[in-house]
Amino acid sequence: IHPGVFANTVPGCAATNAMGAAIGISLGSVTDSLVRDNVVELVPALTGSGAAPACTAGLIVSGVVTTGADGNIFFDNRIRGTGSYAIVVGTGPLSTETDNLLALNGTQNFVPTSATLLLGPGATDNVLIGDFGLIEGNSAANTILNR
């Protein structure tokens with residue numbers, strides 16, 4: 001998956017239905033899904049005005065206040081290139097993301113401009129297994145196993 005060099009202008013990393021800017025895979029308010037064996041290649045992106053977008057990410061999972069993003073499995077996806085974050089689990093104060101499993105999603109060939117993993121305030125009780133490097137956000141409310 002190659003999102004290209006054009007980015008939509010959306011505040012932050014996610015909005016309604018996880019519509020972000022220059023994202024490889026974006027799931028919004030999805031439950032009980034399996035996303036596996038994908039390769040996402042992010043390249044530096046610009047908006048229509050030529051500015052850098054607020055956020056670029058290889059994978060975003062996000063819910064909204066009435067419908068969470070729960071029970072999803074993200075396994076063996078590879079995220080390469082450069083961008084704000086490799087993986088984002090929730091961003092907005094009203095989003096809810098619980099009981100998701102993100103396991104062995106390769107980020108070794110990704111160069112983050114912010115962090116490898118961003119966990120929003122509504123990201124709780126998720127299990128994340130892998131090599132994440134720099135982590136931002138709500139890490140105390142989730143189980144993170146570095147390998």
Side-chain angles (χ1 to χ4, degrees), residues 1-31 33-70 72-98 100-124 126 128-142 144 146-147:
I1 299 169
H2 191 294
V5 296
F6 177 74
N8 297 315
T9 303
V10 176
C13 275
T16 304
N17 293 327
M19 295 282 297
I23 296 168
I25 299 171
S26 180
L27 299 181
S29 299
V30 175
T31 60
S33 296
L34 172 63
V35 177
R36 65 175 286 190
D37 298 327
N38 297 285
V39 177
V40 177
E41 176 92 27
L42 285 179
V43 296
L46 298 175
T47 64
S49 66
C55 178
T56 55
L59 170 65
I60 288 181
V61 58
S62 183
V64 294
V65 70
T66 57
T67 309
D70 306 321
N72 298 294
I73 299 172
F74 301 87
F75 175 72
D76 199 29
N77 299 287
R78 289 167 305 287
I79 302 167
R80 302 188 294 217
T82 187
S84 305
Y85 304 96
I87 300 170
V88 174
V89 181
T91 58
L94 301 178
S95 67
T96 58
E97 304 78 26
T98 58
N100 295 292
L101 171 65
L102 290 88
L104 307 177
N105 295 291
T107 60
Q108 298 86 341
N109 295 317
F110 181 78
V111 178
T113 57
S114 295
T116 306
L117 173 63
L118 172 64
L119 297 165
T124 59
N126 298 290
L128 301 106
I129 303 168
D131 297 318
F132 297 108
L134 184 59
I135 300 170
E136 286 183 5
N138 194 16
S139 59
N142 296 279
I144 300 172
N146 287 304
R147 47 165 255 164

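Heavy atoms only: backbone and side chains are in, while hydrogens, waters and symmetry mates are out.
Distance check, rounded to the nearest 0.5 Å: CG of D37 to CG of N105 gives 10.0 Å. Rounding to the nearest 0.5 Å gives a distance of 9.0 Å between CG of N38 and CG of L59. Distance check: T124 OG1 to E97 CD gives 8.0 Å after rounding to the nearest 0.5 Å. Note that CG of L102 and CZ of F75 are 12.0 Å apart. Values are rounded to the nearest 0.5 Å. Atom OG1 of residue T31 and atom CG of residue N72 lie 6.5 Å apart, to the nearest 0.5 angstrom. Note: R78 CZ to L104 CG = 11.5 Å, rounded to the nearest 0.5 Å.
Under a 3.5 Å cut-off, the side chain of T67 and the backbone N or O of S29 do not form any donor-acceptor pair. In this structure, N138 contributes its side chain and A123 its backbone to a donor-acceptor pair below 3.5 Å. Side-chain atoms of N77 never come within 3.5 Å of backbone atoms of V40 as a donor-acceptor pair (strictly under, hydrogens ignored). For the pair N126 (side chain) and N100 (backbone), a donor-acceptor distance under 3.5 Å is present.
Two residues are said to be in side-chain contact when any heavy atoms from C-beta on lie closer than 4.5 Å; R36 and I73 fail this criterion. Contact annotation: the side chain of T56 never approaches that of V43 to less than 4.5 Å [non-hydrogen atoms, C-beta and beyond].
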task = Determine, step by step, whether T82 and T113 satisfy the side-chain contact (heavy atoms from CB on, under 4.5 Å) criterion, reporting the C-alpha distance in whole Å, the side-chain angles of both residues, the deciding distance to 0.1 Å, and the verdict.
result = CA-CA 7 Å; T82 187; T113 57; 4.2 Å; yes
Pair L119-I135, side-chain contact (heavy atoms from CB on, under 4.5 Å): steps then yes or no = CA-CA 8 Å; L119 297 165; I135 300 170; 4.3 Å; yes
task = Apply side-chain contact (heavy atoms from CB on, under 4.5 Å) to Y85 and I60, showing your working.
result = CA-CA 9 Å; Y85 304 96; I60 288 181; over 6 Å; no
message = Would L27 and F74 count as a side-chain contact (heavy atoms from CB on, under 4.5 Å) here? Give the steps.
response = CA-CA 11 Å; L27 299 181; F74 301 87; 3.5 Å; yes
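Under the side-chain contact (heavy atoms from CB on, under 4.5 Å) test applied with L42, the options P112, P3, S84 reduce to a single match, P3.
Considering every non-hydrogen atom in both G63 and S95, the closest pair reads O-CB, 2.9 Å. Between L134 and A115, the shortest heavy-atom contact is O-CB, 3.4 Å. Taking each heavy atom of V88 and A57 in turn, the nearest pair found is CG2-CB, 3.9 Å.
The closest side-chain donor-acceptor pair between D70 and T98 falls under 3.5 angstrom.
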